[in-house]
There are 2 protein chains.
Amino acid sequence: MSYENAEKITASELEVMKLLWRAQDALPVTEIREELQKSKGWEPATIKTLVSRLVTKGAVAQEKRKVFYYSPRISEEEYRAWATRDLIHRVYNGRAHDLVAALVHSDGLTQEDIQELRQMFRVED
Amino acid sequence: MSYENAEKITASELEVMKLLWRAQDALPVTEIREELQKSKGWEPATIKTLVSRLVTKGAVAQEKRKVFYYSPRISEEEYRAWATRDLIHRVYNGRAHDLVAALVHSDGLTQEDIQELRQMFRVED
DNA sequence: CATAAGAGTCTACAATTGTCAACTGCAATT
DNA sequence: AATTGCAGTTGACAATTGTAGACTCTTATG
C-alpha cells in the first residue's frame with residue numbers, strides 16, 4: 001500500500017506510527033500505551049483514540065488474537081517520501097533542489113553531515 | 001524577525017505568503033484578491049480572512065495608506081528554514097542527513113538535480 | 001463462578017482551519 | 001451632496017485535531 005491516497009497522518013498520530021515502525025512485530029495496545037504514556041505523558045484514552053483513528057484511516061492494521069495487535073500498513077519510507085514531496089510542493093514550489101540548497105546553507109547540517117552527504121552524492125550515479 | 005516563535009502558517013495562508021514574497025513591494029488587498037481569485041478560485045471574503053489571520057499572527061505587516069498595504073514580516077527563507085527543520089524533527093527524528101538520503105533515493109530528484117547538487121556540495125566548504 | 005482490570009467503543013469538547021457572508025464606513029464618482 | 005463599491009471587521013459554520021472520560025464486554029484470577 002502506497003501512501004498516495006491514504007488520509008493524512010497528524011502530528012500526534014505520527015508518534016504512534018513511529019512507535020509501530022520501531023517495533024518489529026505487531027503490538028498490543030498495552031505496549032503502545034506504556035511507551036507513549038511515558039514518553040508523551042498521554043492518558044490511555046488519548047492513545048486509544050489515536051490508534052483507532054489510524055485504523056480507520058487505513059494507516060494501521062489490527063490483527064485479532066486474544067486482543068488486537070496493531071502494525072503499520074504503510075512503511076516509514078513511504079510516509080517519509082510523501083511528507084517530503086509534500087514539503088517540496090507546499091513550501092519549495094516543487095523545486096526539490098531548492099530544498100537541498102536550503103539545507104546546505106542552513107545550520108541544520110553539521111560539518112559531519114555535509115561530509116556524509118558528499119559521500120552520498122559521490123556514490124550515487 | 002525570525003520565525004522561531006511565530007505562530008504556525010497554515011497551507012491556505014501560505015498561498016498568501018507566497019504571493020507577497022513574489023511581489024517586491026507591499027500590496028493592497030485588491031491585488032492579493034485578484035491573484036488568488038484567479039489562481040485559487042477563492043472568494044474575496046476568504047482571502048480577506050486569510051490576510052487578517054496572517055496579520056494577527058504577526059506574519060504580515062499592514063501599512064496604512066489610502067488603504068492598507070500588506071507585506072511579509074518573515075522572509076521566505078526564514079519560513080523555509082523553519083518548515084524544513086520541522087519536517088526533519090517530526091518525520092526524520094532530527095536526522096537531517098536521513099532527509100537528504102531519502103531525497104537522493106527518491107524519484108523526486110531528476111538526474112539534472114543530482115548533478116546540480118553534486119555541484120553544490122563541491123562548492124560548499 | 002464472581003470479580004476486577006483493562007481493551008475496545010462511543011461520546012465529548014475546545015481549538016484550529018478552510019471557507020465564506022453580512023455589516024459598516026470611507027472614498028471616488030456622478 | 002447622494003450614491004455606489006469595496007476595504008476592513010465581525011461573525012459563522014463544518015471538518016479536523018488534540019485530548020480525554022464513560023461505558024461495555026471479555027478474560028484472567030481468586
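Owing to the predicted nature of the structure, the values given are computational and were not obtained by experimental measurement. All chains are named by letter (A, B, ...) in the order of the sequence lines, taking the proteins before the strands, and each is independently numbered beginning at 1.
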Side chain of A:Trp21, backbone of A:Ile74: donor and acceptor closer than 3.5 Å?
-> yes

Heavy-atom nearest pair, A:Lys57 first then A:Glu13, reads NZ-OE1, 2.7 Å

Mind running salt bridge (charged side-chain N to carboxylate O under 4.0 Å, His left out) on B:Lys18 and B:Glu76 for me, showing each step along the way?
-> CA-CA 8 Å; B:Lys18 287 205 232 176; B:Glu76 184 159 27; over 6 Å; no

Using a heavy-atom cut-off of under 4.0 Å over every strand shown, decide if B:Tyr70 touches base, sugar-phosphate, or nothing.
-> sugar-phosphate

Under 4.0 Å protein heavy-atom contacts per nucleotide of nucleotides 25-30 of chain D, with B for base, S for backbone only and - for none | ---S--

For B:Thr30 and A:Ala45, take the nucleotide of DNA chain D holding the closest heavy atom to each; which residue's nucleotide lies nearer the 5' end?
-> B:Thr30

Within the side chain of A:Gln37, is there an N or O that forms a donor-acceptor pair under 3.5 Å with the backbone of A:Glu34?
-> no

Distance check: side-chain N/O of B:Thr46 vs OP1/OP2 of C:dT19, anything under 4.0 Å?
-> no

Using whole Å, report how far CZ of A:Phe68 lies from P of C:dA7.
-> 13 Å

Interatomic distance where CD belongs to A:Gln37 and C1' belongs to C:dA7 [whole Å] | 14 Å

Quick one: A:Leu27 CG to C:dG8 P, roughly how many Å, whole number?
-> 12 Å

Are more than 12 heavy atoms from other residues, nucleotides or ligands located less than 6.0 Å from atom CD of A:Glu63?
-> yes

Would a 4.5 Å heavy-atom cut-off, applied to side chains only, mark A:Leu27 and A:Tyr70 as touching?
-> no

If you look at every heavy atom in B:Leu14 and B:Ile9, which pair is closest and at what distance?
-> N-CG2, 3.7 Å

Would one find a side-chain N or O of A:Trp42 under 4.0 angstrom from OP1 or OP2 of D:dA20?
-> no

For DNA chain C, determine which residues of residues 48-56 of chain A have any heavy atom closer than 4.0 angstrom to one of its atoms, and list them numerically.
-> A:Lys48, A:Arg53

Of all the nucleotides listed (C:dG8, D:dA20, D:dA7), which has the minimum atom distance to the side chain of B:Val67?
-> D:dA7

Test item: B:Thr46 side-chain N/O and B:Trp42 main-chain N/O as donor-acceptor pair under 3.5 Å = no

note: B:Glu31, atom CD; D:dG8, atom C1'; distance rounded to Å ~ 18 Å

In whole angstroms, how far is the C1' atom of D:dT16 from the CD atom of A:Glu13?
-> 10 Å

In whole angstrom, give the distance that lies between atom CD of A:Glu15 and atom P of D:dT17.
-> 15 Å

Scan B:Thr10 against the nucleic acid and name what it touches under 4.0 Å (heavy atoms): base, sugar-phosphate only, or nothing.
-> sugar-phosphate

Across the strands shown, which category fits A:Ser12 at heavy-atom distances under 4.0 angstrom: base, sugar-phosphate, nothing?
-> sugar-phosphate

Could you give the NZ-to-C1' distance, from A:Lys57 to D:dT17, as a whole number of Å?
-> 8 Å

Pi-cation contact, B:Tyr92 with B:Arg95 (under 6.0 Å, within 45°) | no

Rounded distance in Å - CG (B:Leu36) to P (C:dT19) | 12 Å

Can any side-chain N or O of B:Arg80 pair as donor or acceptor with the backbone N or O of A:Ala102 at less than 3.5 Å?
-> no

OP1 or OP2 of D:dA15 sitting under 4.0 Å from any side-chain N/O of A:Lys8?
-> no

